[in-house]
Amino acid sequence: MSVVAPIKVLVVDDSVVIRKLLTTALSGASDVEVVGTAANGKIALAKIPELAPDVVTLDLEMPEMDGLETLKVLRVKWPRLPVIMFSTRTERGAAATIDALTNGASDYVTKPSNVGSMSLGIERIRDELLPKVRALAGRSAPPTISTVLPVAARPTTAIRRVAAPQPVTLRRPIEVIALGASTGGPAAVGTVLAALPASFPVPILIVQHMLPTFTSHFAQRLGSLSKLRVIEAAGGETIEPGTVYLARGDFHLCVERKRERGVLVLDKGMPENFCRPAVDVTFRSVAREYGAAALGVVLTGMGADGLAGAELLQAAGANMIVQDEATSTVWGMPGLIARAGRANEVLPLADIAPALLRLVGGARMPLAAGGRP
């Protein structure tokens, strides 16, 4: 049997306590090795060529060279190296994290609120950080006899072959777009929205897996990147053309038709796929209320959220576009949909905004599928 090398992680944080916490938590996994630590970004950048890490965890606030400055340099030299930001839940930490995510960070994990409890901190980091490290390194957790992995940590290779995309057929003009994303999503969503004109004729509902403190900052950031109006959903809004509605952290985002107008509803129901907001919940409500007049989009992300909703959207006559593997940070969510034959088009990130423009033009005739297996 071949031996798989452990995932090599470089931990970057100016706090000795946090470096110890992260090193202990990660080193407890048999498939992960902390190959080095650094107290600031300058030291980290010098160590990367020597250590060749598979994943970097990066603190935001550090002396001499902070996390955002480090990330920008790192992305130029190592554009594909996965980076997980390690941030606080404060307003300041949330704003800085959104800056990092839209500048190329792969994902983020928040610091324990009480680092004085080492055992609790280690347990929480293991639960939150390890699945992300594995997903970004393209690995699944090592098999055990008794452990049942959460959805986010399960390998997404059960369906190995990508089904041929189904032909795109617009049975009705598109009235709403529902878009879901997770790991790598902030940058990907920003890329799509930035390429759409101010005259874009339909509303867009976006579900990005993100904490409550972070979604308001993310909406503001998207608004600065896009010509469209971007708001964090509050519930009760009548959805309008040319407006983007971002699901609020810790609330599912649903839509109801009232007098032929779509109205947003925030739902505090149980998490689905370990997520709230969950893409499946939004897709389900959009399929019910809009049917063939909806368009579903799933960008990069780990886990299975969106698959069940994509099935419902297609059953209702809607079309699905997913991001391709080559341009995804993690081809989990879009990959499962493509492999299950639930994608009408599988496109590179740069081709998704043009596809949206093409499809919302109101055409009623069948279009040739532009997707690629």
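Since the model is a prediction, treat every value here as computed from it, not as a measurement.
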How about [X] and [Y]: do any of their side-chain heavy atoms sit closer than 4.5 Å?
| X | Y | value |
| --- | --- | --- |
| V12 | T57 | no |
| L22 | V34 | no |
| N103 | K72 | yes |
| I177 | L205 | no |
| I18 | D59 | no |
| L246 | I231 | no |
| P277 | T282 | no |
| M333 | V279 | yes |

Where the side chain of [X] meets the backbone of [Y], is there a donor-acceptor pair that is under 3.5 Å apart?
| X | Y | value |
| --- | --- | --- |
| D66 | M62 | no |
| E256 | V265 | no |
| R19 | D13 | yes |
| S27 | T24 | no |
| N273 | A304 | no |
| R284 | L312 | no |
| D31 | P6 | no |
| R257 | E289 | yes |
| R276 | D250 | yes |
| S106 | V83 | yes |

Going through the checks in order, is the side chain to side chain contact (heavy atoms under 4.5 Å, CB included) test met by V9 and D54? CA-CA 6 Å; V9 179; D54 300 306; over 6 Å; no
If you compare all heavy atoms of [X] against all heavy atoms of [Y], which two are closest, and at what distance to 0.1 Å?
| X | Y | value |
| --- | --- | --- |
| G28 | R126 | CA-NH2, 3.9 Å |
| Q314 | N344 | NE2-OD1, 3.1 Å |
| A355 | L347 | CB-CD1, 3.6 Å |
| L307 | L336 | CD1-O, 4.0 Å |
| L295 | N319 | CD1-O, 3.4 Å |
| V168 | L359 | CG1-CD2, 3.7 Å |

I'd like to know if [Y] and [X] are part of one continuous hydrophobic network [Ile/Leu/Val/Met/Phe/Trp/Tyr, side-chain heavy atoms within less than 4.5 Å].
| X | Y | value |
| --- | --- | --- |
| V263 | V244 | no |
| V281 | Y290 | no |
| I84 | V32 | yes |

Once ring-ring contact (aromatic ring centres under 6.0 Å, His included) is applied, what residue pairs with a partner in residues 217-251 remain, sequence neighbours excluded?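 Sorted result for residues 217-251: empty, none.
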How long is the span from the [atom1] atom in [X] to the [atom2] atom in [Y], to the nearest 0.5 Å?
| X | Y | atom1 | atom2 | answer |
| --- | --- | --- | --- | --- |
| S15 | F86 | OG | CZ | 9.5 Å |
| I204 | R229 | CD1 | CZ | 13.5 Å |
| R358 | L170 | CZ | CG | 8.5 Å |
| R75 | R80 | CZ | CZ | 8.5 Å |
| T97 | R221 | OG1 | CZ | 12.5 Å |
| L266 | H252 | CG | NE2 | 11.0 Å |

Between the side chains of [X] and [Y], does any donor sit under 3.5 Å from an acceptor?
| X | Y | value |
| --- | --- | --- |
| R248 | T215 | no |
| Q323 | T327 | yes |
| T300 | S328 | no |

Report the C-alpha distance between K227 and L196 in whole Å, list the side-chain angles of each, state the deciding distance to 0.1 Å, and finish with yes or no for side chain to side chain contact (heavy atoms under 4.5 Å, CB included). CA-CA 7 Å; K227 302 176 185 68; L196 297 177; over 6 Å; no
All N/O donor-acceptor pairs, side-chain side in residues 39-49, below 3.5 Å, sequence neighbours left out:
{"unit_1": "N40", "atom_1": "OD1", "unit_2": "K42", "atom_2": "N", "d": "3.0"}
{"unit_1": "N40", "atom_1": "OD1", "unit_2": "I43", "atom_2": "N", "d": "2.9"}
{"unit_1": "K47", "atom_1": "NZ", "unit_2": "T37", "atom_2": "O", "d": "2.6"}

Would you please test M85 and L60 for side chain to side chain contact (heavy atoms under 4.5 Å, CB included) and show each step? CA-CA 7 Å; M85 306 308 296; L60 278 163; 3.5 Å; yes
Within 6.0 angstrom of K268 NZ, more than 12 heavy atoms from elsewhere: yes
Can you list everything that forms a ring-ring contact (aromatic ring centres under 6.0 Å, His included) with Y108? Sequence neighbours excluded, please.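 With neighbours one apart ignored, the set is F214.
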Residues E240, R261; criterion salt bridge (Lys or Arg N to Asp or Glu O under 4.0 Å); working and verdict: CA-CA 9 Å; E240 301 289 344; R261 303 294 298 274; 3.0 Å; yes
Considering the options P186, C275, S182, which one meets the side chain to side chain contact (heavy atoms under 4.5 Å, CB included) requirement together with M210?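 In the set P186, C275, S182, the residue that makes a side chain to side chain contact (heavy atoms under 4.5 Å, CB included) with M210 is P186.
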Salt-bridged, K132 to D107, with N to O below 4.0 Å?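 A salt bridge is present here (some side-chain N lies under 4.0 Å from a carboxylate O).
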Walk me through it: do E232 and S216 pass the test side chain to side chain donor-acceptor pair (under 3.5 Å)? CA-CA 6 Å; E232 181 190 36; S216 61; 4.8 Å; no
